[in-house]
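Index from 1, following the sequence. Counting convention: from 1, in listed order, for ligands and their atoms alike.
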Amino acid sequence: MKKLFLFSAFGFALIIFLQAMPKTDTPIQPELNDEAPAIPEDVMAVVQQKCYGCHNAESKNEKGKEKLDWDELESAKKGKALATMKKITEVLEGDEMPPEKFLERKPEGKLTDEEKATLLAWSSGKKK
Ligand code: HEC
């Protein structure tokens, strides 16, 4: 009989304890807006001049087109856009784009420090 009492007392305490727990069943809100923010105009101006030629759907540069298509990036969902922006940050930080071979023929295609800073500020989300 004593055992039964202890058992039910414990059960009762457990119920009280669970009732007192903070509620954790608030529904998880799905991301309402998963569109990537538009690429700023100053960034697109640099891209048009220095990157777009090789990185668009109609580009004759097969490898460049395959790796990055700015038109696609503009309409990409946030997750995909962020992954691409990370890649862009990497190539900019490593001075890998435009490709060196191309710059040997067309040195004016090189990014100025200002242009690079503009692209990096956008792609990395850090201020210039
Ligand atoms: C002359 C053509 C050309 C220009 C101009 C050019 N790229 Fe590229 N880009 C390429 C090619 C080719 C590749 C593929 C390189 C490879 O796979 O080795 C590439 C690859 C990339 C990649 C993908 C890297 C990876 O590892 O996935 C990024 C990001 C990129 N370029 C960004 C840029 C940016 C930003 C600019 C402008 C500042 C630019 N590119 C200008 C030809 C170009």
Leu111, Leu103: one ILVMFWY side-chain cluster at the under-4.5 Å cut-off? no

Point to revise | Side-chain heavy atoms of Trp70 within contact of Ile88, under 4.5 Å | key: yes

Closest heavy-atom approach to atom 29 (C) of ligand 1 among Leu119, Leu92, Ile88 is made by Ile88

Atoms listed for atom 8 (Fe) of ligand 1 (protein only, N, O or S, under 2.8 Å, no waters) are His55 NE2, Met97 SD

re atom 12 (C) of ligand 1, the protein heavy-atom contact at minimum distance is Asn61 OD1, 3.4 Å

Do Val47 and Leu73 sit in one hydrophobic cluster, given that two such residues count as connected whenever their side-chain heavy atoms are within less than 4.5 Å of each other, even indirectly? yes

Rounded to the nearest 0.5 angstrom, the SG-CG distance for Cys51 and Leu92 is 7.5 Å

NZ (Lys126) and OG1 (Thr89) are apart, to the nearest 0.5 Å, by 7.5 Å

The atoms of ligand 1 lying under 4.0 Å from a heavy atom of Leu111, numbered in the order shown, are 38 (C)

Numbered in order shown, the ligand 1 atoms found under 4.0 Å of a heavy atom of Phe102 are 1 (C), 5 (C)

Under 4.0 Å from one or more heavy atoms of Lys50, ligand 1 contributes atoms 5 (C), 37 (C), 41 (C)

Residue set satisfying salt bridge (Lys or Arg N to Asp or Glu O under 4.0 Å) with Lys65, at least two apart, ordered chain then number -> Glu62

In terms of its nearest heavy atom to atom 16 (C) of ligand 1, the top option of Lys63, Lys60, Glu66 is Lys63

Numbered in order shown, the ligand 1 atoms found under 4.0 Å of a heavy atom of Lys87 are 25 (C), 27 (O), 29 (C)

Residue pairs meeting side chain to side chain donor-acceptor pair (under 3.5 Å), one or both in residues 43-57, sequence neighbours left out, come to Lys50-Glu115, Tyr52-Asp71

Tightest non-hydrogen contact, residues Ser124 and Leu120, listed as OG-O, 2.6 Å

Residues pairing under side chain to side chain donor-acceptor pair (under 3.5 Å) where one sits in residues 90-106, two or more places apart or in two chains, turn out to be Asp95-Lys116

